[in-house]
There are 2 protein chains.
Amino acid sequence: MTLPDPGEQARRFIKVREAHRSEVQQDYVELIADLVAARGVARVVDLAERFGVTTATVANTLARLKRDGLVEDRPYRSLCLTAAGTAMAEASRARHDIVVAFLLRLGVSRAVAELDAEGLEHHLSAETLAAMEGFAG
Amino acid sequence: MTLPDPGEQARRFIKVREAHRSEVQQDYVELIADLVAARGVARVVDLAERFGVTTATVANTLARLKRDGLVEDRPYRSLCLTAAGTAMAEASRARHDIVVAFLLRLGVSRAVAELDAEGLEHHLSAETLAAMEGFAG
DNA sequence: AAGCAAAGTTAGCCTTGGCTAAACCCTGAA
DNA sequence: TTCAGGGTTTAGCCAAGGCTAACTTTGCTT
């Protein structure tokens, strides 16, 4: 039983923790973009329902997204992404689609593919994502 | 652009949040088991070095693991897993190995496989894991 | 145009998981 | 045997991301 180099191992865990920090942001901008695309508006209640949290939690999270320049600050108005938020949403969606296509190609059912993609997509390096894209077709 | 069913989508995100809660636990018991296997003892300083955090953070996290019955409570002694902790460590390691083997088979470099596995392994359903195992050989 | 219900926000609380600084144990060398 | 230094724990701080309860704003309906 040989152990990895300590510094190398630490870098891996630090990377995972960094990914966690942007996960929520990516999920939010992606869902806001999808809602806007599908029905023209994204409301706080919709996000709360689709994330499975309360509207208070959504408001709390949106405050951070506004602070970070991803969402427009327009109280009591429909949600709206900034240019940076839109860019992040597009990147997230592209990656999400690759992961789902890959899992389907691997033989996983649609329901499970959509489920696992949600957790997986934030932890893929460019190299792995490229390999998945190639495999998916 | 059609949106998923709200309840279905919520269940996905709830699942991801649940996975997050046990991630740290799994990483800790897995590393403790590896250290014990490789050198007989697992010390707080080793965990801190390999996770890339301070020893204070490790002590804090270990208090939760002890509370949850995964680690023996023996202050100032080498860390030691309970039966439950050992079982979790074995399951984590098996899953980790499958993911790494799968990524290597997919054509990803060893370094990136080890890196991505660390983030990926906590977000795989049984179905996807089985598919990966089959693909890996 | 008024009033009410639904949507949104705010205040205050909790846990997790980071940190620093300081106190505390333990052990090996003098 | 003692005591200095390294390993461990404790105390106290912070941000993220959950919650409930109470409040405000909006906008639909009458």
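Throughout, protein chains are lettered first and strands after them, A, B, ... in sequence-line order, and every chain is numbered starting at 1.
- In this entry the distance linking CD of Q25(B) with P of dT16(C) reads 9 Å, nearest Å.
- Rounded to a whole Å, the CD atom of Q26(A) is 16 Å from the P atom of dA16(D).
- In terms of heavy atoms, G69(A) sits closest to A84(A) at O-CB, 3.9 Å.
- Near DNA chain D, meaning a heavy atom under 4.0 Å away, the residues from residues 56-78 of chain A are A56(A), T57(A), N60(A), R64(A), R67(A), Y76(A).
- Atom CG of L35(A) is separated from atom P of dA7(C) by 14 Å (rounded to the nearest Å).
- OP1 or OP2 of dC19(D) sits under 4.0 Å from a side-chain N or O of T54(A).
- If you measure from atom CZ of R21(B) to atom C1' of dA16(D), you get 14 Å, rounded to the nearest angstrom.
- A 6.0 Å sphere centred on CZ of R74(B) holds more than 12 heavy atoms belonging to other residues, nucleotides or ligands.
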Inset, instruction - Run the numbers on D34(B) and R93(B) for salt bridge (Lys or Arg N to Asp or Glu O under 4.0 Å), then give the verdict. - result: CA-CA 9 Å; D34(B) 286 352; R93(B) 163 139 297 282; 2.9 Å; yes
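- Summarising the geometry, the separation between CG on L79(B) and C1' on dT8(D) is reported as 10 Å, rounded to the nearest angstrom.
- Across every non-hydrogen atom of P6(A) and R50(B), the tightest pair is CG-NH2, 3.7 Å.
- Picking from dT8(D), dG18(C), dA7(C) the nucleotide with the shortest atom distance to the side chain of V44(B) gives dT8(D).
- Across every non-hydrogen atom of A33(A) and L81(A), the tightest pair is CB-CD1, 4.0 Å.
- The distance between atom CZ of F13(A) and atom P of dG18(C), rounded to the nearest whole Å, is 11 Å.
- Rounding to whole angstrom units, CZ of residue R43(A) and P of dG8(C) are separated by 6 Å.
- Between H123(B) and H20(B), the two ring planes are perpendicular [angle over 60°; tilted spans 30° to 60°].
- The shortest heavy-atom contact between H122(A) and E118(A) is CD2-O, 3.6 Å.
- Look at OH on Y28(B): it is 13 Å from P on dT16(C), rounded to the nearest Å.
- The side chain of R17(A) contributes an N or O atom lying less than 4.0 Å from OP1 or OP2 of dG18(C).
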